[in-house]
Protein chains: 2
Amino acid sequence: MNRERRALTRAGLKATAARERIFQLLESALPERHHLSADDIYARLRQSGERMGISSIYRVLTDLEDAGLVHRHHFDRHTMGRSLFELADGAAHDHMVCVETGRILEFQDPLIEARQRAIAERHGFEVVGRKLVIRVRRAGA
Amino acid sequence: MNRERRALTRAGLKATAARERIFQLLESALPERHHLSADDIYARLRQSGERMGISSIYRVLTDLEDAGLVHRHHFDRHTMGRSLFELADGAAHDHMVCVETGRILEFQDPLIEARQRAIAERHGFEVVGRKLVIRVRRAGA
DNA sequence: TATTGTAATGATACCCATTCTCACCTAGAC
DNA sequence: GTCTAGGTGAGAATGGGTATCATTACAATA
């Protein structure tokens with residue numbers, strides 16, 4: 001049983017071809033730091049001669065999200081409504097988006113995380129998720 | 001010249017009836033901590049016998065956002081695609097959303113803010129905006 | 001192997017928040 | 001008051017995303 005199947009079944013999802021394939025695509029996009037849209041995935045599949053219904057892609061992505069295997073982001077006001085997905089591998093991280101180039105940088109800061117937990121606790125809550133996007137610009141521009 | 005007109009012209013916007021009115025509405029929603037959607041505004045206007053085209057409402061909100069007078073939020077995956085607006089009065093604050101009740105709490109934390117600036121700087125950027133949403137659940141649920 | 005129930009898939013119709021278009025109107029300068 | 005850049009509104013268009021539903025794959029049992 002390969003890695004994708006293991007991840008899926010461990011997360012409580014039946015390992016189907018579609019899920020494995022999308023999981024793989026997101027995995028292969030990781031090193032380039034690529035956040036893929038449903039459309040990107042559709043296009044990449046077609047490019048390699050495969051065919052998958054766009055509705056299935058959305059469904060699979062939502063399933064993977066619900067299972068905690070991928071994260072969904074909405075970075076830009078102008079592309080709002082378009083979701084970008086990335087594999088939720090390992091450590092949670094946050095994003096910095098350059099308003100000029102659109103480049104997305106990832107970072108991770110335990111101090112901010114701890115602080116968030118503390119604030120939630122102070123209000124009687126526990127954190128189940130967080131989303132921090134810092135919009136930035138090249139300094140001195 | 002009233003407060004709304006001053007705020008608008010100071011921000012470089014021509015003071016029109018539509019802009020003043022929407023500004024007022026957002027202002028009056030502040031004490032209740034209400035985040036209004038374009039539709040909410042449309043409804044509230046109609047309720048008081050006024051009429052404004054929905055396209056104008058969207059346009060005005062976008063203008064106000066560009067001028068830095070209002071902030072736009074997208075809190076929930078299930079209502080994604082729906083923007084919520086609030087007046088950008090004074091101190092920046094972040095949000096905590098209860099995944100169970102949908103309640104939105106606001107908080108403010110100088111430490112997190114300072115940390116964000118530091119991280120941006122370390123990468124050669126300056127912060128132009130940020131958005132932090134912590135998804136929470138009643139503790140011990 | 002055949003049966004049968006359950007869940008996944010995909011084509012397509014649909015939804016609905018938002019944006020676009022364009023004729024018309026206004027605010028503000030002179 | 002006149003002029004003009006820019007604001008407004010009705011309705012059409014856009015475009016992610018979802019719902020529907022017939023078909024297909026799968027797995028368990030006979």
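Just so it is clear, the model here is predicted, and its values are computed rather than measured. Residue numbers start from 1 in every chain, and the chains themselves are labelled A, B, ... in the order their sequence lines are given, proteins ahead of strands.
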Strictly under 4.0 angstrom, non-hydrogen atoms only: write out the protein contact profile of nucleotides 4-17 of chain D, one letter per nucleotide from the 5' end, B, S or -. --SSBBBB----SS
Can you list, pair by pair, the side-chain donor-acceptor contacts under 3.5 Å of residues 115-122 of chain A, counting residues two or more places apart and other chains?
from	atom 1	to	atom 2	distance (Å)
A:Arg115	NE	B:Asp109	OD1	3.3
A:Arg115	NE	B:Asp109	OD2	2.8
A:Arg115	NH2	B:Asp109	OD2	3.2
A:Gln116	OE1	A:Arg130	NE	3.0

How close or far is atom C1' of C:dT9 from atom CG of A:Leu61, stated in whole angstroms? 14 Å
Suppose the criterion is ring-ring contact (aromatic ring centres under 6.0 Å, His included): which pairs have a residue in residues 34-58 of chain A, not counting sequence neighbours? A:His35-A:His73, A:His35-A:Phe75, A:His35-A:His95
Residue list, side chain to side chain donor-acceptor pair (under 3.5 Å) with A:Asp94, at least two apart or on another chain: none
Hydrophobic cluster of A:Val128, others only, ordered by chain and residue number, side-chain cut-off 4.5 Å: B:Val99
Whichever hydrophobic residues join B:Leu111 through chains of side-chain contacts under 4.5 Å: A:Leu111
